[in-house]
Amino acid sequence: MGEEQKTLKQYCKEAKKRLKQGFWQAYHKGLNEELTRAKEEGISQSKVKEYYTQVVNDNIRNHQEEDEIFYRRVKKLLDEEGEVSNAIGRLTDKTEFDSLSYEEKQRYTLSLSEKYLKAVERYRKERELNIKNGL
């Protein structure tokens with residue numbers, strides 16, 4: 001469901017679910033652990049806070065498990081092989097892709113490329129800050 005189509009009731013349900021699932025406790029625990037670690041390792045604490053703020057904002061706005069699953073796939077690829085020239089091809093769902101029309105394939109590839117670039121940006125930021133456990 002698009003962001004503009006959500007009702008106040010849906011936003012409230014999502015907020016209540018985050019509270020019940022301990023989202024904010026996990027956020028504070030992770031942030032505090034990373035800030036402590038950053039201080040010990042001489043990493044900028046403000047950059048760690050900025051990273052966690054961005055992750056939380058993305059999580060609340062999008063809250064899509066499929067995006068997190070996609071990120072984990074990209075992270076695994078980058079950890080194991082680094083940046084490769086055929087990353088989009090490797091991340092493409094072949095079954096879904098084969099069922100699309102030419103125009104849909106173009107949109108699919110463009111969308112996948114955008115998601116990949118965002119995932120790589122997040123990966124680089126986590127590496128730069130030496131983030132062990134994202135949210």
Side-chain angles (χ1 to χ4, degrees):
M1 175 175 291
E3 195 69 22
E4 63 280 351
Q5 296 173 342
K6 288 185 180 178
T7 64
L8 179 59
K9 187 175 182 176
Q10 289 167 320
Y11 283 115
C12 291
K13 277 184 170 182
E14 290 174 3
K16 186 176 180 180
K17 183 179 178 183
R18 281 191 294 276
L19 284 171
K20 283 184 174 182
Q21 293 178 340
F23 176 84
W24 293 109
Q25 290 85 349
Y27 165 76
H28 286 293
K29 181 180 181 217
L31 176 61
N32 289 333
E33 288 173 0
E34 290 297 333
L35 287 174
T36 300
R37 188 195 48 76
K39 187 176 182 180
E40 291 170 358
E41 295 180 10
I43 297 172
S44 170
Q45 290 180 313
S46 63
K47 285 189 177 187
V48 171
K49 287 180 183 177
E50 182 182 308
Y51 165 79
Y52 265 81
T53 300
Q54 182 64 45
V55 170
V56 167
N57 284 334
D58 291 346
N59 187 299
I60 290 173
R61 286 195 183 123
N62 300 325
H63 195 65
Q64 295 180 352
E65 184 63 25
E66 64 194 37
D67 289 340
E68 194 58 31
I69 291 168
F70 179 79
Y71 173 72
R72 283 187 231 125
R73 288 179 58 208
V74 171
K75 183 178 185 310
K76 182 179 180 195
L77 177 65
L78 294 171
D79 283 344
E80 292 175 357
E81 301 183 45
E83 292 190 43
V84 294
S85 60
N86 63 344
I88 301 303
R90 290 182 183 197
L91 296 167
T92 298
D93 179 340
K94 307 290 189 240
T95 306
E96 181 181 353
F97 189 78
D98 290 342
S99 70
L100 301 174
S101 70
Y102 176 78
E103 292 81 15
E104 292 170 329
K105 286 179 180 178
Q106 297 299 310
R107 281 191 292 274
Y108 177 91
T109 303
L110 181 60
S111 174
L112 189 64
S113 297
E114 290 173 2
K115 285 173 59 175
Y116 175 73
L117 290 174
K118 285 182 183 180
V120 169
E121 183 180 328
R122 176 179 166 187
Y123 177 82
R124 287 180 180 156
K125 184 157 282 211
E126 286 180 2
R127 298 258 319 194
E128 173 190 338
L129 299 173
N130 198 20
I131 299 294
K132 304 284 188 226
N133 302 314
L135 290 178

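Residue numbers run from 1 in the order of the sequence given.
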If you take all heavy atoms of [X] and [Y], which pair is closest and at what distance?
X    : Y   : value
L77  : A87 : CD2-CB, 4.0 Å
L31  : V48 : CD1-CG1, 4.4 Å
N130 : R37 : O-NH2, 2.8 Å
Y52  : G30 : OH-O, 3.5 Å
L19  : Q25 : O-OE1, 4.5 Å

Who pairs with K75 by side chain to side chain contact (heavy atoms under 4.5 Å, CB included), at least two apart in sequence or on another chain?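 Partners of K75 under the side chain to side chain contact (heavy atoms under 4.5 Å, CB included) test: Y71, D79, Y123, E126.
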Under the side chain to side chain contact (heavy atoms under 4.5 Å, CB included) test, which residues partner I69, sequence neighbours left out? E65, R72
With sequence neighbours left out, which residue pairs that include part of residues 84-104 fulfil the salt bridge (Lys or Arg N to Asp or Glu O under 4.0 Å) condition? E81-R90
Could you name each residue pair satisfying salt bridge (Lys or Arg N to Asp or Glu O under 4.0 Å) that touches residues 47-56, not counting sequence neighbours? K47-E128, E50-K125
Crowded around K118 NZ? As in, over 12 foreign heavy atoms under 6.0 Å? no
Who are the side chain to side chain donor-acceptor pair (under 3.5 Å) partners of [X], not counting sequence neighbours?
X    : value
R73  : none
S46  : S44
R124 : E83
Q45  : none

Quick check on the hydrophobic clustering: are L110 and V120 connected, directly or via other members, by side-chain heavy-atom contacts under 4.5 Å?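 Result: no, two separate clusters.
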Transitively linked via ILVMFWY side-chain contacts under 4.5 Å: L129 with L78?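 No; L78 is not reachable from L129 via cluster members.
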I need the full list of ring-ring contact (aromatic ring centres under 6.0 Å, His included) pairs touching residues 93-121, with sequence neighbours left out, sorted by first then second residue. F97-Y108
K29: what forms a salt bridge (Lys or Arg N to Asp or Glu O under 4.0 Å) with it, not counting sequence neighbours? E33
Report the distance from atom OG1 of T109 to atom CG of L91, rounding to the nearest 0.5 Å.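 Taking OG1 in T109 and CG in L91, the distance rounds to 11.5 Å.
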In terms of relative ring orientation, are Y27 and F23 parallel, tilted or perpendicular, with 30° and 60° separating the classes?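 Ring orientation, 0 to 90° scale: parallel.
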